[in-house]
Each structure stands twice: as structure tokens, then as C-alpha cells.
Asks: 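First the structure, which I've put down as C-alpha cells, then a few questions once you've had a look.
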Amino acid sequence: MSQPTIESILQEKRLFPPSPEFSQNAHIKSQEDYQKLYDTAKADPEAFWAELAEKELHWFQKWDTVLDWQPPFGKWFVGGKINISYNCLDRHLTTWRKNKAALIWEGEPGDSRTLTYAQLHREVCQFANVLKELGVVKGDRVGIYMPMIPEAAIAMLACARIGAPHTVVFGGFSSEALRDRLIDGQVKLVVTADGGWRKDAIVPLKEQVDKALADNSAPTVTDVLVVKRTGQNIEMEVGRDHWWHELQHTVSADCPAEPMDSEDMLFILYTSGSTGKPKGVVHTTGGYNLYTHITTKWIFDLQDTDVYWCTADVGWITGHSYIVYGPLSNGATTLMYEGAPRASNPGCFWDVIEKYGVTIFYTAPTAIRAFIKMGEAIPNTRNMSSLRLLGTVGEPINPEAWMWYHRVIGGERCPIVDTWWQTETGGIMITPLPGAIPTKPGSATRPFPGIIADIVDLDGNPVGDNSGGYLVVKHPWPSMLRTVYGDSDRFRRTYWEHIPPKDGQYLYFAGDGARRDEDGYFWVMGRVDDVISVAGHRLGTMEIESALVSHPAVAEAAVVGKPDEVKGEEVYAFVTLEGSYTPSKELEKELKDHVVKEIGAIARPGEIRFTDGMPKTRSGKIMRRLLRSLAAGEEVKGDTSTLEDRTVLDKLRGGA
Ligand code: PRX
């Protein structure tokens, strides 16, 4: 891990308190209320979480122990029996919410569907029975590789209902990336669709699944369920592949939710790390249910009249926690949109807001930057007066982009919740509570009650106000990752050993640099490891390098992030070729396509720079700091005395 090169040059003085009307109607109404909750939780976290778990969720059986903490392994609500699908569906059916819209869905071509709680419950029960018919039992893993259609959420909830952990693989990943995840997760059954709509084109999902399973390369997979979405021709392998719509009506709609142990695995979600293959982040049931429930309620200030829209894909943690589980557990109306802003319809998000009267809108800084680029004339022609609260997630938002969001989308009346969290944390950790905390553009503000966050040096000593350091969490929280699937050593090494325990207290290391200002506000500055952030998604540079090196022309590759106005960072690759190959435009394109094939379009290098050698230390480590400066077109500064061969750098500098 490199030292943080964190200098706080950002001095943001603007402060935006919520309006008195917003605060009056909010769940948490003032700074004092926040502080009270924060202090109570800090004094006795277990009592705080236990009280909420009792009040907010349905348990088939109460727990014996709130927290069993054998660092770094935490168990929450041990002995408790619960089912998150029950909490998201069944318990609303005995209330007036039975016929409330649970899921509003808008397809990219303009088709739409609304499912009430009763309808969603029925679909989930039927699909759970389909899974059972195909032999899926409690504990079996189910892969979900889907477009953004209601069936994605239905499949997740059906898995949760019968206790089969799901592993959702983002539909933009390639067949190779899918195969790796199916193998690592030892997946039994895959749920997919013929295709999905994305930017006016069809994403051929079933074809990718066929490739991933070719030659029995993911041997644990016995069945594939296919939703008919786009209707294009696909191959159906007899015995293995089944149409969702054909089986869905052959089963009963009666499927009681399985009482799960609080600590039974709910899902695995793969995320990039700095080395090696993606990590299967494991989340369990009770703690995750509670934490996503209460964070959704307080941070998005959910009221029963809200139409809540999170634009993430269900393939990311944001989609899991804040499209599906958090909102439905609260009995909210959650909106799901299949499409993305595209040349033929750059204003589609604003159309969706206008059409459904969306009140809460949660998106990513990368999307906001793209909107800024397209110009405010587009949103200005839509009526977005229904909006009352905005949110962002995925990466630091630059204060000017925050101001644009506030002014153009929020009409200067909507608070913005800038939410810091990770796949591993399961839910939002640092964030404003919108009726309580005045916001500062660019800051995620304060920890959620019950979260003890700090900024420390590499020895675990807290750093002073306004000094850069490493962001850590000091006390376990209910939705923390439990382990890395099949690799508890990696779990320990990655999150708990970079910074040693301090005075017997284990510190969860998030991998981000941050500072805290004199008001206790956190300013997250980004990753400190070799992970780059493209459009708000973490990509391990190592994985992209491995993909490049798997091409016969490539001898060595080093990937860095290059600052990009819209995507945050773009992939910039330095490549050394095998002796018999020479650089060419054709080869450059071929290598870019190769990365897309291996990982997916999200990892496509924006630029490839051919070089005869890499700048390395005497011990052979590539000096990425230098490559980052070169990629950004900056002067290479700092110490270069450890370089093995200075001429390599001189050549790269000279553009040779
Ligand atoms: O670097 C932080 C950044 O995104 C990382 C987590 O990525 P992932 O697990 O893919 O989850 C993304 C959605 C939760 C973090 O380590 N990040 C996320 N939100 C913020 C952020 N950086 C600054 N501000 C945020 N609000």
C-alpha cells in the first residue's frame, strides 16, 4: 500500500442548513436530535441496535446475543430467526400498504410496470417455488445476471425467501468475468434474460451466459432460467435452460418465508481489490436487514407518500441495499429504470422524474458530471418540482458539481445527502441526516449513529483536525462484511491488518484517505491503494493488467487512473510488447477490445501507451506514482532516485 498522498487543499466554507419545513417533517429533526442519537449509540452500541432491531423488524424468534465479536469476525443477533423477504413483503400485506406500489418500473423503450406489495409478494413466492422445483435448497448459491427489470428484484427476494444466497453479477460484465464469479461462488443455478436494453442497443445476456458455461467450465451450474425481455433469438439448451414465464405459472403462489438464522448468508457480491481476483464480499441476514432498513429510513427520510428512485444497477451494492432491500423493508415505493441517458434521449432521467413525480433521487457524481456536460437546458425544460431530497454515492463529489446538482436539479430547495460507504460496509456509513445536518458541498459530513469512524495514521493513532489520514471504523456494525467468500485470510489481511489493533481495539480499514474538519465533518479523498474509480466503480488495476497480459502480444502492463472530467478516472494502460510485435493503431484497438472481452466495457482503456520498459525500482516494483503523473500529463515530481533505469522515464517523458 502506498503512503497517502493526501493534501487538503480544498477549503469549502459554504454551509447549507435544511429548511425549517423539511426539518419539521423529517424523522430526525435537528442537530441536537442527531447528537443525542449519536451519543446514545456510542455509549452502548449493542443496546442501541437491539432496540432498533426489536422496533423496526419482524423476528420469528428473538436473538440471544446482540453481538458476538471475535475480532475480526462479528456476528449480530445470534440465535435470532428472521427472513428479509418476509420483512420486505409479507409484513406489509396485513397493513394498508398491501395495495401500495412497491415497485415502479420503467423500461428503456418506454414500456412500464407497477407491482403492488401484494403482486410483488405473489411473483416472489412463485419464483421461489420455481427455484425449489429445480432443486435449489437452502444454502445453494444462485447467480443473477440480469438487466434492470423487475425480475431481477423478484429473483433476489425469492432467493432470500428460501435461504439460497444470491450472487448478482453486473450485466455489463463480460462472460469471462461472469464465469470467474460463478466458479468462485460455486453457483448452482443462473437467472438471466435473453437480453436487456442499454443505450438503444440490446445487451446479449443469455449469449454471455452460454459463453461463460461453454465446455462445462463452470461445472456447478446445472440450470439456467431465462426471462424473455427483448425477444431476440437465443439458443436454449434442452435440459439446462428454462423460460421463466413458462415455469412461473406451473407452480403455486404459496411459499412461506424460511426462518433463517440471523447469521445465515444472504448474498455474496464481488468487488475489486488491489491484488488478484475479485473478492466475494459476504453479507448475512439480520444485521444487514436492520442496517439497510434504518439507514434508508433516516437518510432518505422516507415518508409513505414518497416515490423514491435510486439510479444504480442492482449488480452493485447500492442496488442491493437501496433499490431492493432497504426501501422495501420500509414499505416504500421504489422505482427502477432500465435505461441510461443516451444520445437519443439525454433527458430521460428528468422525464422519469416528471412522469412519476419522483420525490427522492439518488445518483452518482459521474452521472452528475455527464449532466453538467450536456447542459442545464435539458433538465430546465422538465418539471421536477416533485423532488424534495437528492443523494449521491460512489466517489467524492466536487463542490462545483454539488452546487450544480443543488441549483439545477434540486431547485435550491432539496437537501443533498452525500453518502460514503462501500460494498463491504453493506450500508451508508457517513452521511448527512437531511433534516438535521447542515451540508457542506463535497463533504459526506457526519457518521451515522452507531458508526464510530476516525482518521488515523498507519499505526492507528488519530490524526488532528484537517490532517489527511486513513479512514477507519472502530466498532463493529450490523451490516459489516462477515468475510471474503472462501478466503478468511484475505479478509483479515485486507481490512484488519494494514493498520494494527490499537489498545486492543480492532480498526476496520476502508482503503480510503480522508480528513476531518474542525466541525467534525468528514471529507473523503478517495482510494489509497491501486484501485481506480471509473464512473464510481472500483476497478482493480491488477485485474486489468492481467487481462492485458493474457493477450499474446503483451509482455508487461501497468494500469493507472487518468483524471477524467466525466468518469472521474479513466483507465490508462502502459504496455510493453513481446519482441515480435510492433506498436500500431490496430494493435491498440485489439488490446482495448481484449480488455472488454475479459472484463467488460467498463474497464476499456481510454488510452494505451506502448513503451519499451517500465519505470521500476531496483527491487523490480513498477513506480506507479510516476506513471500516474505521466498519464495525467503532469510534471513528474518527487523522488526518482530509487529508479533502476532512468532512461526509461526519460523516454516516456519525451513521448518516445
Ligand atoms: O472510495 C470510496 C468511494 O467508493 C468506494 C466504495 O466502492 P464500492 O464498494 O464499489 O461501493 C460504491 C457504492 C457504495 C469507497 O471506498 N465512495 C463511495 N461513496 C463515496 C465515496 N467516496 C467519497 N464520497 C462518497 N460519498
Side-chain angles (χ1 to χ4, degrees), residues 105-111 142-156 166-183 185 187 189-218 221-247 270 278 312-316 319 336-345 348 534-535 537 539 547 550 589-604:
W105 173 77
E106 176 85 3
E108 193 178 88
D111 45 347
V142 172
I144 298 179
Y145 184 63
M146 298 273 263
M148 284 287 286
I149 55 177
E151 285 80 359
I154 292 167
M156 291 165 76
H166 53 70
T167 177
V168 186
V169 178
F170 171 53
F173 278 131
S174 70
S175 56
E176 278 80 0
L178 172 64
R179 179 197 298 140
D180 291 347
R181 287 157 176 78
L182 297 178
I183 293 172
V187 165
L189 178 148
V190 178
V191 188
T192 189
D194 49 357
W197 288 104
R198 191 82 185 165
K199 300 198 177 179
D200 300 323
I202 288 176
V203 185
L205 294 164
K206 175 60 168 58
E207 200 182 307
Q208 302 280 12
V209 171
D210 291 342
K211 281 191 202 153
L213 300 183
D215 306 322
N216 201 26
S217 48
V221 176
T222 56
D223 295 272
V224 178
L225 274 156
V226 188
V227 177
K228 195 182 258 279
R229 164 66 187 132
T230 50
Q232 91 269 26
N233 264 338
I234 54 164
E235 305 274 323
M236 292 292 277
E237 190 179 305
V238 179
R240 186 194 72 181
D241 301 345
H242 320 270
W243 285 109
W244 171 303
H245 62 270
E246 285 177 2
L247 297 191
Y270 286 85
D313 191 283
V314 286
W316 308 113
M336 196 172 178
Y337 178 50
E338 183 187 32
R342 52 204 182 275
S344 67
N345 191 357
C348 60
V534 179
H537 299 301
L539 299 176
S550 72
K589 173 156 190 312
E590 194 177 317
L591 293 180
K592 288 180 181 173
D593 291 344
H594 183 68
V595 173
V596 173
K597 179 174 155 284
E598 293 289 315
I599 303 177
I602 195 169
R604 184 187 186 86

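Small disclaimer: the values here were computed from a predicted structure and weren't measured.
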Asks: Any non-hydrogen side-chain atom of W105 less than 4.5 Å from a side-chain atom of I149?
Replies: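 Side chain of W105 against side chain of I149, heavy atoms only: contact under 4.5 Å found.
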Asks: Say you draw a straight line from NZ of K597 to NE2 of H594; how long is it, rounded to the nearest 0.5 Å?
Replies: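 Reported value, rounded in 0.5 Å steps: 6.0 Å.
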Asks: Could you label the plane-to-plane angle of the H537 and W316 rings as parallel, tilted or perpendicular, counting under 30° as parallel and over 60° as perpendicular?
Replies: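 Plane angle under 30°, so parallel.
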Asks: Would you say that W244 contacts I154 through its side chain, given a criterion of any heavy-atom pair below 4.5 Å between the two side chains?
Replies: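 Touching, per the 4.5 Å side-chain cut-off.
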Asks: Are there more than 12 heavy atoms of other residues, nucleotides or ligands under 6.0 Å from atom CD of E176?
Replies: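 More than 12 within 6.0 Å, yes.
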Asks: Check R198 with E108, please: is the shortest side-chain N to carboxylate O separation under 4.0 Å?
Replies: no
Asks: Which class fits the ring pair H245 and W243: parallel under 30°, tilted 30 to 60°, perpendicular over 60°?
Replies: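 H245 and W243: tilted rings.
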Asks: Does a side-chain heavy-atom distance below 4.5 Å link V226 with M236?
Replies: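 The answer is yes; the side chains approach within 4.5 Å.
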Asks: Do the non-hydrogen side-chain atoms of L182 and L213 ever get within less than 4.5 Å of each other?
Replies: yes
Asks: With a 4.0 Å cut-off, would you call D215 and R179 a salt bridge?
Replies: no
Asks: Taking the side chain as every heavy atom from C-beta outward, state whether C348 and R342 have any atom pair closer than 4.5 Å.
Replies: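 Yes - at least one pair of side-chain heavy atoms lies under 4.5 Å apart.
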Asks: Is it the case that over 12 heavy atoms from other parts of the model lie below 6.0 angstrom from the CG atom of N216?
Replies: yes
Asks: Quick check for you: to the nearest 0.5 Å, what is the distance between D210 atom CG and R240 atom CZ?
Replies: 5.0 Å
